[in-house]
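Some notes on the structure that comes next.
Throughout, protein chains are lettered first and strands after them, A, B, ... in sequence-line order, and every chain is numbered starting at 1. Fair warning: this is a prediction, and the values are worked out from it, not measured in the lab.
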Amino acid sequence: MFILVDCNNFYVSCEKLFNPKLKNKPVVVLSNNDGCIISRSNEAKKLNVLMGDPIFKYKHLIENNILEVFSSNFTLYSDISFRIMQTLESFGFEMEIYSVDEAFLEIKNYNFDIEKLLINIRKKIFKWVGIPVSIGCAKTKTLAKIASDLAKKENGYKILLNKESIDLTLKNISAIDIWGIGSACFKKLKYLQIFNGYDYKYADENIIKKNLGINGLKTFLELNEIVCFSLQNSFENRKSVCVSRSFSMKIKNIEDLKEKLALFASMAASKLRKYKLKTDSITIFINTSFHSKDPFYSASSLIKIPIQTSFTPDIIKYSFLALNKIYKDGFLYKKAGIILNNLIDEKVIQSDFFEKNITDTKNRLMKTMDLINFKANKKVLFFLSEGIEKNFHHSQNNKSKKFTTNFEDILKVD
DNA sequence: TCTGGGGTCCTAGGACCC
DNA sequence: TCTGGGGTCCTAGGACCC
């Protein structure tokens, strides 16, 4: 049996935690550049503020002091997330941290009162961390997801274990709201006269497989209480690392693009070292704005590295090679990024027989650099290609404090 | 005027092999 | 006129998730 614990309006709830004045008020949290809405309080949802919408659409609500707006404060959110996961771990079940605000628990033998357990989990997380959660419980992850969505509308938890309640629930949810079904699959399902969860569950298995592929079939089976998605150790075997940003100013030439890319490469490389991983294949991508009327261009390029590495200069060097393959003059670039693929444990790398082995030297240099930057608590040492002027002109005008991770930001109680 | 970032997995098509 | 069949691997891009 699977239990899904899902934080309600997570980022907004984190903001409300340290700011009691926000209670019962419409609040939203914005994406990186203060661009679009990525979290909404229930009150904001009631005002028809939509997920993913650019914030300028709601200028009138802000100017009239109806809507409270926050820039994203990921330092705060990940610390709160960590506390929630720790609390969940204390229950002693096998656990998968699925995202910053969700975790699956798997219960193998149960001869106790499930309902009591769910109530207990909610209580403990609220008491220890202060974040409200919704909990769903069912035989498969897909059904547990559906249950947790329902829990939000009911009293915070929902158990879907008998056929009647499952079927009734599925009749009342649109196929698009099923985990794993996006707009493309939904379109195909509608063509097949499958509109809700119930239609999907009792559809013809072969038709599903033919039209929606292996993933559609797995979802179909999961609705029928056949487990296709098991618990995963999400962080130990991560397969890629990505750093990407949109630019507030469009970029017109390869030099400026290289500078951004070098910075992203450096950030990605330090992530790799943090996870004790190395890569031997780099993808970089660039694109112009999806929204602007300027000519559109989007491209990506993958490049292989002969020896697995997490050495920043290597990664910068190869990302430039990749960029040269796809860069075209005359476009206004809005976004770029780097993805490191094929990650392996840094302990098991294969070195090059014919090259002088300087891996140890490289590792020591990176270690020293990371340490100096860590102690300084900012990036005092970096590579010149990253550029000296790192100002992204990031708008982050409404950022809350790092209440739980910075001594200077700790709340004072009079 | 202003529209996010970080992931996983699958698939189609091309290049190549025998 | 008629021109095989069965693979692998790589890459780009799509679809989905939060």
Side-chain angles (χ1 to χ4, degrees), chain A residues 4 6-7 9-11 28-39 50-59 62 69 71-72 74 77-78 81 96-104 141-142 145 148-149 175-189 209 211-219 228-229 232-235 237-250 264 267-268 271 275 280-293 298-304 322 325-326 334-343 392-397:
Chain A
L4 175 66
D6 187 356
C7 301
N9 316 328
F10 183 55
Y11 296 165
V28 294
V29 171
L30 302 181
S31 60
N32 229 348
N33 234 350
D34 281 358
C36 51
I37 294 161
I38 56 173
S39 181
L50 299 182
M51 187 71 170
D53 253 9
I55 189 63
F56 62 79
K57 281 192 181 175
Y58 302 98
K59 215 171 166 184
I62 301 164
V69 177
S71 307
S72 40
F74 292 113
Y77 311 149
S78 42
S81 170
E96 171 189 345
I97 299 173
Y98 177 66
S99 74
V100 69
D101 70 329
E102 279 176 66
F104 286 103
K141 282 181 165 182
T142 306
K145 272 282 213 185
S148 83
D149 284 342
I176 188 89
D177 294 324
I178 298 170
W179 189 45
I181 302 301
S183 58
C185 286
F186 186 52
K187 218 170 141 187
K188 288 180 192 163
L189 285 171
K209 172 139 198 250
N211 288 278
L212 297 176
I214 187 70
N215 286 325
L217 180 65
K218 282 181 178 172
T219 300
C228 294
F229 304 116
Q232 296 195 308
N233 269 343
S234 26
F235 292 107
N237 40 17
R238 87 164 41 220
K239 301 199 169 77
S240 66
V241 157
C242 170
V243 174
S244 74
R245 292 289 183 279
S246 294
F247 314 126
S248 48
M249 311 274 273
K250 289 171 185 162
F264 298 164
M267 290 160 79
K271 267 196 204 179
Y275 299 131
D280 69 357
S281 116
I282 296 178
T283 302
I284 73 119
F285 60 90
I286 51 176
N287 59 254
T288 59
S289 170
F290 291 102
H291 307 284
S292 137
K293 289 185 189 86
S298 163
S300 74
S301 153
L302 184 145
I303 203 158
K304 289 274 174 199
K325 288 206 285 189
I326 52 172
K334 180 69 181 168
K335 184 176 180 177
I338 176 167
I339 305 168
L340 310 179
N341 324 286
N342 257 356
L343 307 186
F392 260 88
H393 310 287
H394 254 171
S395 340
Q396 288 243 295
N397 296 322

Taking NZ in A:K304 as the centre, count heavy atoms belonging to other residues, nucleotides or ligands within less than 6.0 Å. Is the count above 12?
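Check passes, neighbour count above 12.
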Considering every strand and a 4.0 Å limit on heavy-atom distances, what is the contact class for [X]: base, sugar-phosphate, or nothing?
X	result
A:I181	sugar-phosphate
A:K141	nothing
A:V100	nothing
A:D53	nothing
A:I178	sugar-phosphate
A:K188	nothing
A:K57	nothing
A:N215	sugar-phosphate
A:S72	nothing
A:K271	sugar-phosphate

Would you measure the distance from the C1' atom in C:dG4 across to the matching atom in B:dC17 and give it in whole Å?
14 Å
Is there a side-chain contact between A:I55 and A:D34, using heavy atoms and a 4.5 Å cut-off?
no
Taking side chain as C-beta onward, heavy atoms only, is A:L30 less than 4.5 Å from A:I37?
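Heavy-atom side-chain distance check passes, below 4.5 Å.
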Which of the following nucleotides, [options], is nearest to the side chain of [X]?
X	options	value
A:P54	B:dG5, B:dT3, B:dT11	B:dT3
A:K239	B:dC9, C:dC18, B:dT3	B:dC9
A:L302	C:dA12, B:dG7, B:dC2	C:dA12
A:I38	C:dC18, B:dG4, B:dT8	B:dG4
A:N32	C:dC18, B:dG5, C:dG13	B:dG5
A:S31	B:dT1, B:dG4, C:dA15	B:dG4
A:K145	B:dG5, C:dC18, B:dT8	C:dC18

A:F285 CZ to B:dG6 P, straight-line distance once rounded to whole Å:
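A:F285 atom CZ is separated from B:dG6 atom P by 8 Å.
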Between B:dT3 (P) and A:K59 (NZ): distance, integer Å:
14 Å
Counting Watson-Crick and G-U wobble pairs only, both distances under 3.5 Å, name the nucleotide matched with C:dC16, or none.
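Across all strands, the one nucleotide that pairs with C:dC16 is B:dG7.
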Distance (rounded to the nearest 0.5 Å) between A:L343 CG and A:S281 OG:
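Reported to 0.5 Å precision, the distance equals 8.5 Å.
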Just by distance, do the side chain of A:K141 and the backbone of A:L4 share a donor-acceptor pair under 3.5 Å?
no
Between A:S240 and B:dT8, does any side-chain N or O lie under 4.0 Å from OP1 or OP2?
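Indeed, a polar side-chain atom of A:S240 lies that close.
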For residues A:S72 and A:V29, report the shortest heavy-atom separation together with the two atoms involved.
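Here A:S72 and A:V29 meet closest at CA-CG1, 3.9 Å.
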